[in-house]
Protein chains: 2
Amino acid sequence: MSIELNDKKRALIEKIGIAHEEKGFQPVAGRILGLLYVSPRPELTFDEIRETLNISKSATSTALNLLMHIGHIDYITFSGDRKRYFKLKMSNWRELIQNEIERVIKMSHVLHEVLEERTKDTPEFNCSIEEFASFMQFIHKEFPGLLQRWEQTREQK
Amino acid sequence: MSIELNDKKRALIEKIGIAHEEKGFQPVAGRILGLLYVSPRPELTFDEIRETLNISKSATSTALNLLMHIGHIDYITFSGDRKRYFKLKMSNWRELIQNEIERVIKMSHVLHEVLEERTKDTPEFNCSIEEFASFMQFIHKEFPGLLQRWEQTREQK
DNA sequence: AATTTGGTTCTTAAAATTAGGAACCAAAAG
DNA sequence: CTTTTGGTTCCTAATTTTAAGAACCAAATT
């Protein structure tokens, strides 16, 4: 019932896990993402995940629900089979990146609040803050175009 | 010796602090950044930081060194004054964003490793991963141009 | 109706992080 | 050469995070 993985894949799971821990995910959640990336079958059941990663039911359940909540994973079902088959919402990657962009724009709003509160006696410093905020907004505005241009580079092939 | 701050500024410090905690900074480090953003004087001494935020010397020392290590802050000195005056490396924001971009490219490399390891029997899934990785690389490549275009929108004014 | 399956939820133990206190230290001042 | 200043470092307590175990539950199976 546990998924067979070679050493390289096991190592990749940990690597992906750590990359996600750095973003604030709990270790188990990161590893589940890693597993779903390298798994031969992209859809795995609760128990396949649990046994392959050697984690408890509770840890599995909590992490899966978290990952579903933030839209990183999904599940499919088959009629006549009670199990849920969890999978990465990979087709979703545009949205995931968009979320990152939204975080950037939030920071730019905070910086604008800072600027309103700041003394005007430090023009150079204030200017740097304003530039930083402005560039963040620029990224946000340019993102759709960037995506389009990327799509064009792909069509040509 | 402690810096006087109104409620709005205190609130902004916490907001900025939390935003940085989400990125994995420890709370004290995040608050120090917040303080340096809103402080009337942009350069503060160890003790001004310590007293304004009501934190211990050890916490202050550790967090300041961390923030210097990762290039978020800096300090200046004045001859005849032993104190260091810590400040945001605000002029540095291009580098800070560049670092984020580097993290993105690292993830794209990991995804390429994943693709090499993956079975070819899941073409659709693999294709999504490849797209994701490809777009990350595209962002990395386009970043300098994006920065330039932003700079142009500024010059015109 | 009893059991199995596919999970969820609650409580708790262990581990990791955070930050305080106190001792410490080097350079400057007295 | 003693004291003060501006920190650093070590140790520890408190808090937070993580994940396990066990009890639980609803739907499906026997």
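Throughout, protein chains are lettered first and strands after them, A, B, ... in sequence-line order, and every chain is numbered starting at 1.
- By the ring-ring contact (aromatic ring centres under 6.0 Å, His included) test, B/F125 is found to be paired with no residue, residues two or more places apart in sequence or in another chain being considered.
- One interatomic measurement links the two molecules: CG of A/D47 to P of C/dG7, which rounds to 7 Å at whole-angstrom precision.
- B/K57 contributes a side-chain N or O that forms a donor-acceptor pair with the base of D/dG7 under 3.5 Å.
- Residue contacts shown for B/L64 are absent, as no nucleic acid heavy atom lies under 4.0 Å away.
- Between the P atom of D/dT17 and the CD1 atom of A/I55 lies a distance of 20 Å, rounded to the nearest Å.
- Here A/K15 pairs with B/E113 in a salt bridge; the nearest charged N to carboxylate O distance falls below 4.0 Å.
- For A/S61, counting side-chain heavy atoms from C-beta on, the closest listed nucleotide (C/dG20, C/dT8, D/dT8) is C/dT8.
- For A/L67 and C/dG7, the CG to P distance is 15 Å, given to the nearest whole Å.
- Distances from the side chain of A/P27 to the nucleotides C/dT5, C/dA28, D/dA19 place D/dA19 closest.
- Salt bridge B/K89/B/E95: absent, no basic N to carboxylate O contact under 4.0 Å.
- Nearest nucleotide to the side chain of B/R84, out of D/dT9, D/dA20, D/dT8: D/dT8.
- Among B/E100, B/E102, B/R94, the one residue that satisfies the side-chain hydrogen bond (donor to acceptor under 3.5 Å, both in side chains) test with B/Q98 is B/E102.
- Applying the 6.0 Å contact sphere to CG of B/D7 captures no more than 12 heavy atoms from other residues, nucleotides or ligands.
- Listed nucleotides: D/dG6, D/dA27, C/dG7. Nearest to the side chain of B/R82: D/dG6.
- Nearest-nucleotide positions on DNA chain C for A/A59 and B/G80 put A/A59 closer to the 5' end.
- The CZ atom of A/F25 sits 20 Å away from the C1' atom of C/dA16 (whole-angstrom rounding).
- Of the candidates D/dA28, D/dG7, C/dA19, the closest approach to any side-chain atom of B/Q26 belongs to C/dA19.
- A straight line from CD of A/E21 to C1' of C/dA16 spans 11 Å, rounded to a whole angstrom.
- Distance B/D81 CG to D/dT4 C1': 14 Å, rounded to the nearest Å.
- Summarising the geometry, the separation between CZ on A/F46 and C1' on D/dA27 is reported as 16 Å, rounded to the nearest angstrom.
- For B/H20 and C/dT17, the NE2 to C1' distance is 19 Å, given to the nearest whole Å.
- One donor-acceptor pair, N or O on each side, does fall under 3.5 Å between the base of D/dA20 and the side chain of A/S58.
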